[in-house]
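Have a look at the structure below, then the notes.
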Amino acid sequence: MDIAMLAVFIPTFFFVSVTPGMCMTLAMTLGMSIGVRRSLHMMWGELIGVALVSISSVIGVAAIMLNYPSLFSVLKYVGGAYLFYLGLQMWMSRGKMAIPSDLSAGTDTSPMTLAMQGFVTAIANPKGWAFMISLLPPFINPTLAMPPQLTVLIGIILMTEFGCLLLYASGGRTLRHFLQKSGNVRLMNRIAGTLMMGVGVWLALG
């Protein structure tokens, strides 16, 4: 792969992955309630789901790139607009991606249940599909072989996602005290929403 392209992709995906969303909120909640070690069961299930979403998204995008180049350009604009919309929703503390005010809901903590919860959250998360479909195309070189590119990109995605999940789970207890203070949930939603809107604009115009 192009080293310069990787140098842009790694921080870009880290920035997107670390943005609060369904999976990160789940990791943070479990970190608060059952601890980081037991939360690992949820994480491996979530990573399997992310890998499946990534592969499915890239295969679909690759087919569009080869057969319908004009549609591929439209897809970038639509993806960027959708990310901007999600960011706007977060800024207003609305939508499923916004951090909820109540982080203390109980959960079944059996290992398989946690793994399935992580897997289903990743598969059913519209943020994941939107990000993969809109983020990956700019970093795929149609003149190079597709399998090596997919291997590298998906490997980076999974390592970055796992690191962010650990970060949220580990910081859950400390973050809980911060979020319970008046106005802080809204503040975090607005910061994350603003950053996400910026990513949407970059993807649409890049």
Side-chain angles (χ1 to χ4, degrees), residues 1-28 30-31 36 39-65 72 75-76 78-80 82-84 86-87 90 96-97 114-142 144-171 192 195-200 202-204 206:
M1 288 193 65
D2 189 330
I3 300 300
M5 195 171 288
L6 278 181
V8 176
F9 178 77
I10 292 174
T12 298
F13 189 78
F14 172 78
F15 162 71
V16 171
S17 183
V18 80
T19 301
M22 292 170 64
C23 294
M24 296 304 155
T25 301
L26 176 60
M28 183 174 63
L30 292 178
V36 176
S39 299
L40 291 174
H41 296 295
M42 180 279 294
M43 293 180 195
W44 69 257
E46 194 266 354
L47 291 176
I48 292 174
V50 168
L52 184 59
V53 170
S54 302
I55 294 170
S56 300
S57 300
V58 172
I59 290 175
V61 167
I64 293 174
M65 287 177 64
F72 173 68
L75 182 62
K76 288 179 60 178
V78 172
Y82 181 60
L83 295 183
F84 186 90
L86 290 178
M90 287 193 68
K96 292 183 178 180
M97 288 184 60
L114 289 171
M116 285 303 300
Q117 186 176 12
F119 178 79
V120 171
T121 300
I123 293 296
N125 185 3
K127 167 193 170 183
W129 289 97
F131 279 174
M132 297 306 174
I133 292 174
S134 57
L135 262 181
L136 292 176
F139 298 100
I140 296 175
N141 189 337
L144 299 177
M146 190 65 65
Q149 293 187 81
L150 293 185
T151 301
V152 173
L153 291 177
I154 292 175
I156 292 172
I157 286 170
L158 294 181
M159 288 188 292
T160 304
E161 186 78 0
F162 181 61
C164 292
L165 288 170
L166 281 177
L167 181 65
Y168 270 77
S170 299
L195 296 177
M196 193 179 304
M197 286 188 282
V199 173
W202 179 83
L203 288 172

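Sequential numbering from 1 along the given sequence is applied to the chain's residues.
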* Asked: If you look at every heavy atom in C23 and L165, which pair is closest and at what distance?
  -> O-CD2, 3.8 Å
* Quick one: does F9's side chain get under 4.5 Å of I157's, heavy atoms only? -> yes
* **Shortest non-hydrogen contact between L158 and L47, atoms and distance** => CD2-O, 3.5 Å
* Heavy atoms, side chains only, cut-off 4.5 Å: are L153 and F13 in contact? -> no
* Asked: For V36, what residues pass the side-chain contact (heavy atoms from CB on, under 4.5 Å) criterion, not counting sequence neighbours?
  -> L166, A169, S170
* **Closest contact, heavy atoms only, V50 versus A122** => N-CB, 3.8 Å
* According to the side-chain hydrogen bond (donor to acceptor under 3.5 Å, both in side chains) rule, which pairs have a member within residues 150-165, sequence neighbours left out? -> S17-E161
* Asked: Tell me, do F162 and L40 make a side-chain contact under 4.5 Å, heavy atoms counted?
  -> yes
* Structure fact -> side-chain contact (heavy atoms from CB on, under 4.5 Å) filter on I10, not counting sequence neighbours, yields I156
